[in-house]
Number of protein chains: 2
Amino acid sequence: MNIREVAQLAKVSTATVSRTINGSSKVTPETAERVRRAIEQLRFYPNTNARALGSGKSSLYGLIISDITNPFFPELVKSFEDIAVQHGQEVLVANTNYDPARMEICVSRMLQRKVDGVAIMTSEMDEKFIDEFNSRGIPLVFLDTGKPQKLISNIVIDYAAGVNAAVEHLIGFGHTSVGFISGPMSLASARIRRKAFVSSLKQKGVRLDPSMIEEGNHRVDGGHDAMARLLSKRIRPTAVLASNDMTAIGALGAIHERGLRVPEDISLAGFDDIEISSFTQPSLTTVKLSRNDVAKVAFRSLYDINVNAGKGGEYRIQPLLVVRRSTGPAPVKPGKR
Amino acid sequence: MNIREVAQLAKVSTATVSRTINGSSKVTPETAERVRRAIEQLRFYPNTNARALGSGKSSLYGLIISDITNPFFPELVKSFEDIAVQHGQEVLVANTNYDPARMEICVSRMLQRKVDGVAIMTSEMDEKFIDEFNSRGIPLVFLDTGKPQKLISNIVIDYAAGVNAAVEHLIGFGHTSVGFISGPMSLASARIRRKAFVSSLKQKGVRLDPSMIEEGNHRVDGGHDAMARLLSKRIRPTAVLASNDMTAIGALGAIHERGLRVPEDISLAGFDDIEISSFTQPSLTTVKLSRNDVAKVAFRSLYDINVNAGKGGEYRIQPLLVVRRSTGPAPVKPGKR
DNA sequence: CTGTTAGCGCTTTCAT
DNA sequence: ATGAAAGCGCTAACAG
């Protein structure tokens, strides 16, 4: 089943069928109608591979993420796909699983499929790969870790502002001993958030005890373990900020296991605002990072370069503090063991 | 950049390059090495579209899911991809968002990309689409809703056994008033789970009060609202089984909002065992449905039909009760208002 | 073991 | 507005 059979049935040339499929304006409505009927009758579906090959355009955009298991990403994927589809483009999602070797495979897949652009939302990306895309004229957009160039855009999240808002909120409640559970230090995005926390505290003139910072892995189990470590210190923090919500959720469990209450004994805040965060017990105060905004900006930046011969740029996104029930006044007596 | 340039540089024919790429055994190791060097030097990536077109094989398997936002699915996607990659195949994931119109788009995408098989994990699938695949010789595998045929396999989850185990567990704790929060009745899979609950109760000789069943939407908010309704009844259940974990998590929030304790005042169990369920407060007793098993069986069933000219079949998967902290002895005085 | 060449299904000039 | 035909990049006979 191919375009020729359709052409025969509709009594036109293959060129006309092709034009009809692509909505060319120079096909008589009557002919177009005839072709459409033939297509329907034969249940014909144009071969995407042949189309891409013939036209030299894949209409495919790559989206590379690091962990599809972190709820942050599915929400991002969904938004990205919605926008792409609205523009008549398809999406190729690839998951690196935080593994550099898999990143190479992902890049390779993108290149082989001749994508028209790639959104790299992983924060870890070898320079050599970037070149691979650049030299082929494939636009790229990064999250936090790119330097804008002709074909490269960068989305910068104002972590400082987000973290600041959270810290301010905590300090406003009288907390003076604020802890932090970071993501894995191997991740640039985790390092950025941590740095933002440290300088925010300094800016507010609050003393930072280095032992109040523990490293997690941006997943639930890591948050749980990190909080457990924090709680077994001689002096424990009365408030803790987590590098992302998954971490905070794990931390919440650890606090409860210890028989402590949130926020009476200890306040807890997260980062991201994934859907589930409003349903934890208590609901989680967190810094919202809109996946929809990120996805929208990411796709637009790529699409614009291709369609309007635009150039790479820098796009800023402001996170927003969402206050819920997991934060409250500092306990009168700081928690000593 | 194409195979011809590589051929020239390596001083061989394009056929030899192609053979080398495809790992054909009839290429002298030396020639192969020369070709590989040329490929590397030119940073050549074979065009997937052309390969698919030339060979007539896409090496692509479709995976249709209903809601990438439900953690159950990303875990399934991940497993499915891992297995596919192990077999040198790629995966095209499509998300219907529970929307029949989008289902049509998904099917169309699959057909246009000439996938070698499709795993339909959505439980809702119009008969006419099935035909579309069948008539093109594309194998299909369903979750719970297919009838095995030449090219069609079906994975049947033994919900009855899973629900039974949960109900037994609850009854063993002395609960006599057991409620149920179902998924949306528009979903076959939700109806199956509900039916399993009803007959399990009947089988155990426990009286079922129809008002003890509320409908959710398989998401957190639906579970929350359904539980709120359950709790405002004149007589409330002392134990509740939810149709999936997301629902249970929402229910948990509603219970706490009401000032009740889990499991002291009310026991709660879920279904699926998504990762986060072991970190809720309290951790959730649930019926584990292994995504990895489902993915493995799904892919294998498709791959086997293609590679070994196998036939469609029926595959059973046993869920397993995972007891955690959200279930316990029934309160001595049933909760009246 | 290697090369030649005819497709694969569609798009896109270039004529008409 | 429509058609004829030359690719697009690769694979797979078929020869040798």
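Everything quoted here is computed from the prediction, not taken from an experiment. Numbers restart at 1 for each chain; the letters A, B, ... are given by sequence-line order, proteins then strands.
Put simply, CG on L42(B) is 15 Å from C1' on dG9(D), counting in whole angstrom units. Residue M1(B) contributes atom CE, which lies 11 Å from atom P of dG9(D) at whole-angstrom precision. Counting to the nearest Å, the C1' atom of dG9(C) and the NZ atom of K114(B) are 9 Å from each other. Look at CZ on R51(B): it is 9 Å from P on dC10(D), rounded to the nearest Å. When rounded to the nearest whole Å, the span between CD1 of I3(B) and C1' of dT4(C) equals 14 Å. For the pair R34(A) CZ and dA1(D) C1', the computed distance is 12 Å after rounding to whole Å.
None of D116(A), N134(A), I305(A), V115(A) except one satisfies the side chain to side chain contact (heavy atoms under 4.5 Å, CB included) rule with P139(A); the exception is I305(A).
Formation of a donor-acceptor pair under 3.5 Å by the N2(A) side chain with backbone atoms of R4(A) is found in this model.
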Problem set entry | Derivation of the side-chain contact (heavy atoms from CB on, under 4.5 Å) call for R136(A) and R43(B) | CA-CA 11 Å; R136(A) 287 174 175 74; R43(B) 296 169 156 210; 3.8 Å; yes
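The aromatic rings of H87(B) and F299(B) sit tilted relative to each other, their planes meeting at an angle between 30° and 60°.
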Using the 3.5 Å cut-off, write out each protein N or O paired with an N or O of nucleotides 6-8 of chain D and the distance between them.
from, atom 1, to, atom 2, distance (Å)
dC8(D), O2, L53(A), O, 3.4
dC8(D), O2, G54(A), N, 3.3

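Heavy atoms only, all atoms of each residue included: I68(A) and F73(A) are closest at CA-CB, 4.5 Å.
Comparing dT12(C), dG9(D), dC1(C) by their nearest atom to the side chain of K57(A) picks out dT12(C).
A close approach under 4.0 Å does occur between a side-chain nitrogen or oxygen of T28(A) and OP1 or OP2 of dT2(D).
Less than 4.0 Å separates DNA chain D from at least one heavy atom of each of the following residues of residues 8-27 of chain B: A15(B), S18(B), R19(B), N22(B).
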Tell me which donor-acceptor pairs under 3.5 Å the side chains of residues 146-154 of chain A have, and how far apart each pair is, sequence neighbours excluded?
from, atom 1, to, atom 2, distance (Å)
S153(A), OG, G313(A), N, 3.1
N154(A), OD1, D144(A), N, 3.2
N154(A), OD1, T145(A), N, 3.4
N154(A), OD1, G146(A), N, 3.1
N154(A), ND2, G146(A), O, 2.9

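Of the charged side-chain nitrogens involved, at least one lies within less than 4.0 Å of a carboxylate oxygen, so that R36(A) and E33(A) count as a salt-bridged pair. Taking 4.0 Å as the cut-off between side-chain N and carboxylate O, R37(A) and E40(A) do not count as a salt-bridged pair. Taking a cutoff of 4.0 Å between a charged side-chain nitrogen and a carboxylate oxygen, R219(B) and E275(A) do not qualify as a salt bridge.
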